[in-house]
J.: 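This is the structure I have questions about; it appears just below.
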Amino acid sequence: MTTVRVVVGGAVFDRGRLLAARRSAPPELAGRWELPGGKLEPGETPREALVRELREELGIEVEPLERIAGEWPLRPPYVLQVWTARLLAGEPRPLEDHDELRWLTPDRIGEVDWLEQDRPAVAEAARMLAAQ
Ligand code: 9L3
Ligand code: MG
């Protein structure tokens with residue numbers, strides 16, 4: 001039996017905008033946009049993993065807020081879970097795995113080519129942002 005393994009993505013909010021990140025790797029995902037994040041390490045909670053991943057990948061500090069309901073299958077055994085998060089400090093820079101970043105207002109969320117698995121959470125994050 002294989003246990004599912006969690007990949008955590010962050011819907012990072014700052015001043016009414018959502019952060020989108022364009023992947024540079026692996027080749028089959030390069031050029032597609034995602035909610036940045038990555039795999040949990042052993043013993044980590046999703047919130048801890050999100051804080052670590054966004055520090056490593058983007059050089060920012062975030063406060064995870066709430067989980068977006070749902071779970072989306074990735075390549076087995078991985079599943080994607082998404083948390084909203086507030087930018088606490090830093091200006092995001094594509095330090096690893098990304099080659100472009102964009103802050104999107106809710107009305108512009110459709111302007112980038114999101115990975116399919118991220119789309120439901122991105123739509124929900126945009127709704128939450130618009131209602132703030
Ligand atoms: N993935 C999909 N959507 C996301 C994230 C952060 C990750 N928002 C997929 C892409 C990879 C796998 O999960 O196949 C592991 O992600 P990473 O550790 O390479 O960021
Ligand atoms: Mg990652």
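Atoms within a ligand are numbered from 1 in the order they appear, just like the ligands themselves.
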J.: So is there a nitrogen or oxygen of Pro36 less than 3.5 Å from a nitrogen or oxygen in ligand 1?
T.: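 Between Pro36 and ligand 1 (N or O atoms, distance only) the closest approach is not under 3.5 Å.
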J.: Under 4.0 Å, counting heavy atoms only: does Lys39 come that close to any atom of ligand 1?
T.: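 Right, Lys39 reaches ligand 1.
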J.: Give a yes or no on whether a salt bridge exists between Arg32 and Glu116, defined as a side-chain N under 4.0 angstrom from a carboxylate O.
T.: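 So Arg32 pairs with Glu116 through a salt bridge.
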J.: What's the atom name of the N, O or S in Glu57 nearest to the Mg ion (ligand 2)?
T.: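 It is OE2 of Glu57.
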J.: For ligand 1, note which part of Leu29 has a heavy atom under 4.0 Å away: side chain, backbone, both or neither.
T.: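 For Leu29, the contact with ligand 1 is made by the side chain alone.
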J.: Take every heavy atom of Asp97, measure it against each atom of ligand 1, and state whether any distance is under 4.0 Å.
T.: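 Contact check Asp97 vs ligand 1: negative.
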J.: Minimum heavy-atom separation for Val62 and Leu87, please, with both atom names.
T.: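 For Val62 versus Leu87, the nearest heavy atoms are CG1-CA, 4.4 Å.
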J.: Using the rule salt bridge (Lys or Arg N to Asp or Glu O under 4.0 Å), only one of Glu61, Glu96, Glu48 pairs with Arg55; which is it?
T.: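 It is Glu61, the one option of Glu61, Glu96, Glu48 that forms the salt bridge (Lys or Arg N to Asp or Glu O under 4.0 Å) with Arg55.
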J.: Specify whether an N/O/S atom of Gly37 falls short of 2.8 Å from the Mg ion (ligand 2).
T.: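 Here the distance criterion (N, O or S atom, under 2.8 Å) is met by Gly37, so yes.
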J.: Do Glu56 and Arg52 meet the salt-bridge criterion of a basic N to acidic O distance under 4.0 Å?
T.: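 Glu56 and Arg52: salt-bridged.
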J.: Take atom CZ of Arg119 as the centre, draw a 6.0 Å sphere, and report whether it contains more than 12 heavy atoms from other residues, nucleotides or ligands.
T.: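 Yes, enclosed.
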J.: Would you say Glu53 reaches the Mg ion (ligand 2) with an N/O/S atom under 2.8 Å?
T.: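 No, Glu53 does not qualify, because none of its backbone or side-chain N, O or S atoms lies under 2.8 Å.
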J.: Same hydrophobic cluster for Phe13 and Ile60, using side-chain heavy-atom links shorter than 4.5 Å among ILVMFWY?
T.: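 As far as the 4.5 Å side-chain criterion goes, Ile60 and Phe13 are not connected within one cluster.
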J.: Is the closest heavy atom of Glu53 to ligand 1 under 4.0 Å?
T.: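 Glu53: no contact with ligand 1 (<4.0 Å).
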